[in-house]
Amino acid sequence: MLFSLAACGKGKEETKDPNLLTVGEFELHYKGASIMKDREGNDALVLTLDFTNNSEETTDYFWAIYETVMQNDTELETAVVYLNEETLEAVEDNHYQHVAPGATFEVQTAYELIDNAGAVEVNFAEMEGDKKDSITLVLSSLNRESDSGGTSQLTG
């Protein structure tokens, strides 16, 4: 009887949320992505994430996480995407927002696309440490938006 209980428990595996990434003491919840125009009128990939600070110190996204975004074996450059052209409020302005231990804050990042086909791999690494995680976005599934409310298909 004991053997069959152990076997039943072994068959139950927790399913990991593919949108939840753990990078050291930080969690990133991928909320979506879209294609928007940058300040020069070119297509840019805009990612929206919830950044949770599980460390013991107040920090901000900029000093906690290092992102690299690859398309066609080329690292993409950051893009300036305005949320409000009158005030010049940009997507990445909130990267310096202080986030207290245990708190969550929404961040967005923008990257210049080489083209609108294929996939983009987004790598997240600790700024100080060796923990990392990544997601792959299928560009054909992204919405073309005037804001970042779109969703996309992840591949793992």
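Because only heavy atoms are used, hydrogens play no part in the values below, and waters and symmetry mates are left out as well, while side chains stay in.
Counting heavy atoms from C-beta on, the side chains of V23 and I65 come closer than 4.5 Å. You'll find the side chain of V80 stays beyond 4.5 Å of the side chain of D38, heavy atoms only. The shortest distance between side-chain heavy atoms of L137 and Y30 falls below 4.5 Å. In this structure the side chain of Y61 reaches within 4.5 angstrom of the side chain of T109, judged on heavy atoms. Residues E67 and T78 form no side-chain contact, since every pair of their non-hydrogen atoms from C-beta on lies 4.5 Å or further apart. Between L113 and V120 there is a side-chain heavy-atom pair separated by less than 4.5 Å. By the 4.5 Å heavy-atom criterion applied to side chains, T22 and K131 are not counted as neighbours. Here the side chains of E121 and V69 are not in contact, with every heavy-atom distance at 4.5 Å or above.
How far CD1 of I114 is from CD of E77: 9.5 Å, rounded to the nearest 0.5 Å. Atoms OG and CG, on S134 and L21 in that order, are 7.5 Å from each other to the nearest 0.5 Å. Taken from CE in M36 to CG in N42, the straight-line distance is 14.0 Å, to the nearest 0.5 Å. Within the model, atoms CG of L76 and OG1 of T68 stand 9.5 Å from one another, a figure rounded to the nearest 0.5 Å.
In this structure, E92 and A110 approach most closely via the heavy-atom pair OE2-N, 3.1 Å. The minimum heavy-atom distance linking Y66 with E75 is given by the pair OH-OE2, 4.2 Å. Across all their heavy atoms, N19 and D17 have their closest contact at N-OD1, 2.9 Å. Summarising the geometry of A33 relative to L45, their closest heavy-atom pair is CB-CD1, 4.0 Å, with the distance given to 0.1 Å. Closest approach of V81 and A44 over heavy atoms only: CG2-CB, 3.9 Å. Across every non-hydrogen atom of A90 and L83, the tightest pair is O-CD1, 4.0 Å.
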For this session: Let me see the working for K37 and D43 under side-chain contact (heavy atoms from CB on, under 4.5 Å), right down to the final yes or no.
Result: CA-CA 5 Å; K37 293 294 183 184; D43 285 340; 2.9 Å; yes
Problem set entry | Chi angles and distances behind the side-chain contact (heavy atoms from CB on, under 4.5 Å) call for N54, E27 | CA-CA 7 Å; N54 292 322; E27 286 184 353; 3.5 Å; yes
Problem set entry | CA sep, side-chain torsions, deciding dist, call: Y82, R39, side-chain contact (heavy atoms from CB on, under 4.5 Å) | CA-CA 7 Å; Y82 292 123; R39 71 177 174 186; 3.5 Å; yes
For this session: Go through the steps to decide whether Q71 and L139 satisfy the test side-chain contact (heavy atoms from CB on, under 4.5 Å), and finish with yes or no.
Result: CA-CA 10 Å; Q71 182 182 24; L139 292 177; 3.2 Å; yes
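If you run side chain to side chain contact (heavy atoms under 4.5 Å, CB included) between V107 and each of L28, D50, N94, only N94 comes through.
In this structure, F51 has its ring center closer than 6.0 angstrom to the ring center of F26.
Side chains of T48 and Q108: a donor-acceptor N/O pair is present below 3.5 angstrom, by distance only. For the 3.5 Å distance criterion, the side chains of N53 and S55 qualify, holding a donor opposite an acceptor. Checked by atom type, the side-chain pair N123/D133 shows no donor-acceptor distance below 3.5 Å.
Under the 4.5 Å side-chain heavy-atom criterion for grouping Ile, Leu, Val, Met, Phe, Trp and Tyr, M70 is not connected to L49 through any hydrophobic cluster.
Between K31 and E106 there is a salt bridge, since at least one side-chain N of the basic residue sits less than 4.0 Å from a carboxylate O of the acidic one.
The backbone N or O of T74 lies less than 3.5 Å from no partner atom in the side chain of N72, so there is not a single donor-acceptor pair.
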